[in-house]
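I have placed the structure first, in the form of structure tokens, so that the comments after it can refer back to it.
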2 protein chains.
Amino acid sequence: MTRGRVTSFDVAKEAGVSQSAVSRAFNSGTSISEKTRLRVEAAAEKLGYRPNAMARTLISRRSNMIGLVMADIVNPFYPAVLDTFMRSFQQLGHRVMLFMVARDQQVSDVLPQLLEYQVDGVVITSATLSPEMVEHCQRLQTPVTLFNRYVEGIQADSICCDNIGASRAIADLLLDAGHRQLAFIAGVRNTSTSQDREQGFFSRIHERRATAPLKAEGHYQYQGGYEAALALFAGETKPDAIFCANDLMALGAIDAIRNQLKLNIPEQVSVIGFDDIKEASWKNYQLTTYRPRVEKMVNTAVENMLERISNPERPALQLIEAGEIVIRQTARLPETIYQPIVDER
Amino acid sequence: MTRGRVTSFDVAKEAGVSQSAVSRAFNSGTSISEKTRLRVEAAAEKLGYRPNAMARTLISRRSNMIGLVMADIVNPFYPAVLDTFMRSFQQLGHRVMLFMVARDQQVSDVLPQLLEYQVDGVVITSATLSPEMVEHCQRLQTPVTLFNRYVEGIQADSICCDNIGASRAIADLLLDAGHRQLAFIAGVRNTSTSQDREQGFFSRIHERRATAPLKAEGHYQYQGGYEAALALFAGETKPDAIFCANDLMALGAIDAIRNQLKLNIPEQVSVIGFDDIKEASWKNYQLTTYRPRVEKMVNTAVENMLERISNPERPALQLIEAGEIVIRQTARLPETIYQPIVDER
DNA sequence: TGAGGTGCTGCATACGTATTCACTTTATAT
DNA sequence: ATATAAAGTGAATACGTATGCAGCACCTCA
């Protein structure tokens, strides 16, 4: 009805009460009579009043905003993660300030910007954070959560899927099925996810005294997986099973193997991925892969974050959440009936 | 170095100047000597000072935050859009407050929340906005931009890809190639994008006096496209070309046609999509499709938004940005050498 | 009847910054 | 050298809300 910004004073005048009353009417757990609350609400409605979150934040020292930093949105795994985070935070009454960091960008570049906006907490997905930055956050009492990444000995919550356990289980599955020459297609070299998946896979193979696996690099991209597969088969010794550090590369590898190398999957080559993105279940691929419990991981991350906001003394938690292998059509299985594996290490 | 929040007063004391000086040191275009600026910066650095964006917003009435509302993130087209928006806004020094609205949710539910946070502008992708809401924003001097959606006669910028022109061009392409019985797989029924693509396609076919096209509905999803394709071929008259309202459905349709119906593409059936998502270029699909100029659309949207923030009087702009048909392998082409089409209507 | 609660209310203040205004210092021109 | 403009500075205030405090009305219990 009115023009321009309408403040709590305007509403107060309209309702014939004090500004304090207006404030109390809009905050639960305050002392106000039902009668005045209704009058205030009517006046607010009439004037189109909405409280100014900036002013509220300034005085209450709580913005109800979470800073969310995402790296690497090109991997179709992360839109799903983002979506889940958004729903979870929105549902619990928190807004999200989003930042994307490019591959060549540091999280430390954007973190100060986030903190200027008085976010109540920071969630960082698939990117690491320098210990100094964490310390800085800690001084500001701003909790930090790392998603799918961990750093030893810092004061930050972290929740990861069980990269090592999963990769070991996949090695077991492939060896049990009688494959002789395994191969690994790595993601981006300097990421902990790719390193952990590689380490789990290699160590288990080594433990079982099987032939050392081949290795190629696919940068977590479809095209990279495609080319990595070709590279693997261009060598002297050819693999009969490939484990890819993510699904996207696995799908690239499959297309290379089928369409270009004209080999049959899984008869001649088995392929296993990681993430269980939507595309993995497409009829044309039916990819056998590892599915992290994204929903559960996100929800724990969110709960822990909010818990830690209201109780800053709580020490940081480092969690690993096991997922499961999803058996589809791209990998030969052991003779014995094989159950989907949940390795809890 | 210190603990807790450090304010401009702390920095002022440390540097031996007034709080005003500190403020000026952090804002360009203010009157301050180089000497004191350096002293302030040193003190700020020493104390780890960062200005409080909430306080700044409160007084300057500018938050440097943009509200971004996204619907329907499941379509792989939109992560790319989001990514482009984020880069563009970040680059120009703006933060983004993100909201996701589920299919059953109204934008009008989240808009008030956005406005509470004093965002300088609101961008809404693939969702409409009631005229009342637009009016509300206008009262608050908050510019609104619709991305890939438009509403007649409201005071909001909008930028769309050329749905109608594109669909007409696709109809032409398919008819010119000699197809006789076209079909259309629609997206979500009540979206303007799906409706416009249908209308353009149908109207052009009608104009050319060709056989009326078949139609099925795929809800913009892979599985929906898969099933829609099966439904189309289950009928009495079978299509020899299918235009899908987005790529995701087209890929589903391809898998259904090849893997289940055992038909050859494009020899027996042509398939054309819309969006040019990453997956469309995968070796296994090589989908012929329409590519909107996402980068350009986003950049124009962002520029217009910022322009409109600094000059609220500027009238709203409604733009249509033409894209191009990307010729790949899933559609038969006319005999004459066919150029990628840019229809500017 | 009065003492002590209880439930509401308004006043006044604080949050941390930007900005106006008046003032002082410095630079420039005559 | 002085007059005058320009540049720099600090004090004070405003932004819009939450909240401690004191006051007030009303009620309860003896």
Side-chain angles (χ1 to χ4, degrees), chain A residues 2 4-41 43-44 47-65 112-113 115-120 140-141, chain B residues 2 4-41 43-44 47-65 112-113 115-120 140-141:
Chain A
T2 49
R5 294 304 207 254
V6 29
T7 76
S8 54
F9 281 99
D10 301 329
V11 177
K13 182 185 284 182
E14 173 75 26
V17 297
S18 73
Q19 180 267 330
S20 325
V22 177
S23 171
R24 286 193 260 260
F26 276 83
N27 292 72
S28 59
T30 51
S31 169
I32 188 172
S33 70
E34 195 59 23
K35 200 178 65 180
T36 50
R37 147 167 286 134
L38 290 177
R39 285 179 55 190
V40 169
E41 276 169 3
L47 300 181
Y49 169 74
R50 298 257 81 199
N52 183 322
M54 301 289 141
R56 185 204 302 143
T57 300
L58 197 54
I59 188 134
S60 69
R61 296 160 171 288
R62 189 132 297 175
S63 65
N64 289 322
M65 286 179 59
Q113 297 185 50
L115 296 177
E116 278 188 25
Y117 280 81
Q118 315 301 111
V119 292
D120 294 339
L140 296 174
Q141 299 258 36
Chain B
T2 47
R5 294 308 207 249
V6 28
T7 76
S8 53
F9 281 99
D10 302 330
V11 177
K13 183 186 284 183
E14 173 74 26
V17 296
S18 73
Q19 180 266 332
S20 322
V22 178
S23 170
R24 285 192 261 259
F26 276 84
N27 292 70
S28 60
T30 52
S31 169
I32 188 173
S33 71
E34 195 57 25
K35 201 177 65 181
T36 50
R37 145 166 286 135
L38 290 176
R39 285 178 58 190
V40 168
E41 275 169 5
L47 300 181
Y49 168 74
R50 297 255 84 196
N52 183 321
M54 301 290 143
R56 185 202 305 143
T57 300
L58 198 53
I59 189 134
S60 71
R61 296 157 171 288
R62 187 131 299 175
S63 65
N64 288 323
M65 287 178 60
Q113 297 184 50
L115 296 177
E116 279 189 25
Y117 280 82
Q118 316 300 115
V119 292
D120 295 339
L140 297 173
Q141 299 260 34

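Chain identifiers are assigned alphabetically (A, B, ...) following the order of the sequence lines, protein sequences preceding nucleic acid strands; residue numbering begins at 1 within each chain.
Contact record, Tyr49(B) with Val6(B): CD1-O, 3.2 Å, taken as the closest heavy-atom pair.
Rounded to an integer number of Å, the gap from Arg61(A) CZ to dT19(D) P is 11 Å. When the P atom of dT17(C) is taken as reference, atom CD1 of Ile59(A) falls 15 Å away, rounded to whole Å. The interatomic distance linking Ile32(B) (CD1) with dA18(C) (P) rounds to 12 Å, in whole Å. To the nearest angstrom, P of dC8(C) lies 13 Å from CG of Leu38(A). Between the C1' atom of dT17(D) and the CZ atom of Phe26(A) lies a distance of 12 Å, rounded to the nearest Å. One can place CZ of Arg56(B) at 20 Å from P of dT17(D), the figure rounded to the nearest angstrom. In this structure, the CZ atom of Arg50(A) is 15 Å from the C1' atom of dT17(D), given to the nearest Å. Straight-line distance from the CG atom of Asp10(A) to the C1' atom of dC15(D): 13 Å, rounded to whole Å.
In summary, the side chains of Ser33(B) and Thr36(B) do present a donor paired with an acceptor at a separation below 3.5 Å, with no hydrogens or angles considered.
In the set dT19(D), dG10(D), dA18(C), the nucleotide with an atom closest to the side chain of Arg24(B) is dG10(D). With dG10(D), dT9(D), dG16(C) as the candidates, the nucleotide lying closest to the side chain of Val17(B) is dG10(D). Taking the side chain of Ser33(A) as heavy atoms from C-beta on, and the options dC8(C), dA14(D), dG16(D), the nearest nucleotide is dC8(C). Here the side chain of Ser60(A) is nearest to one of dA7(D), dA18(D), dT17(C), namely dA18(D).
Within the nucleic acid shown, Thr30(B) has no heavy atom closer than 4.0 Å to any nucleic acid atom. Counting non-hydrogen atoms under 4.0 angstrom, Ser23(A) reaches a base of the nucleic acid.
A close approach under 4.0 Å does not occur between any side-chain nitrogen or oxygen of Tyr117(B) and OP1 or OP2 of dG16(D). For dT17(C), the OP1/OP2 oxygens have no side-chain nitrogen or oxygen of Asn52(B) closer than 4.0 Å. Contact annotation: Ser18(A) does not reach the phosphate of dT9(C) (side-chain N/O to OP1 or OP2, under 4.0 Å).
At a cut-off of 3.5 angstrom, counting only N and O atoms as typed in the model, there is no donor on one side facing an acceptor on the other between the side-chain of Gln19(B) and the base of dA11(D). Ser20(A) contributes a side-chain N or O that forms a donor-acceptor pair with the base of dT19(D) under 3.5 Å.
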Checklist entry - For Val40(B) and Phe26(B), what are the C-alpha separation, side-chain angles and deciding distance, and is it a side chain to side chain contact (heavy atoms under 4.5 Å, CB included)? => result CA-CA 9 Å; Val40(B) 168; Phe26(B) 276 84; 4.2 Å; yes
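Looking at Asn52(A) and Glu116(B), their side chains never come closer than 4.5 Å, going by heavy atoms from C-beta outward.
For the pair Asp120(B) (side chain) and Asn64(B) (backbone), a donor-acceptor distance under 3.5 Å is present.
Take the nearest nucleotide of DNA chain D for Leu58(B) and for Glu34(B): the residue whose nucleotide is more 5' is Glu34(B).
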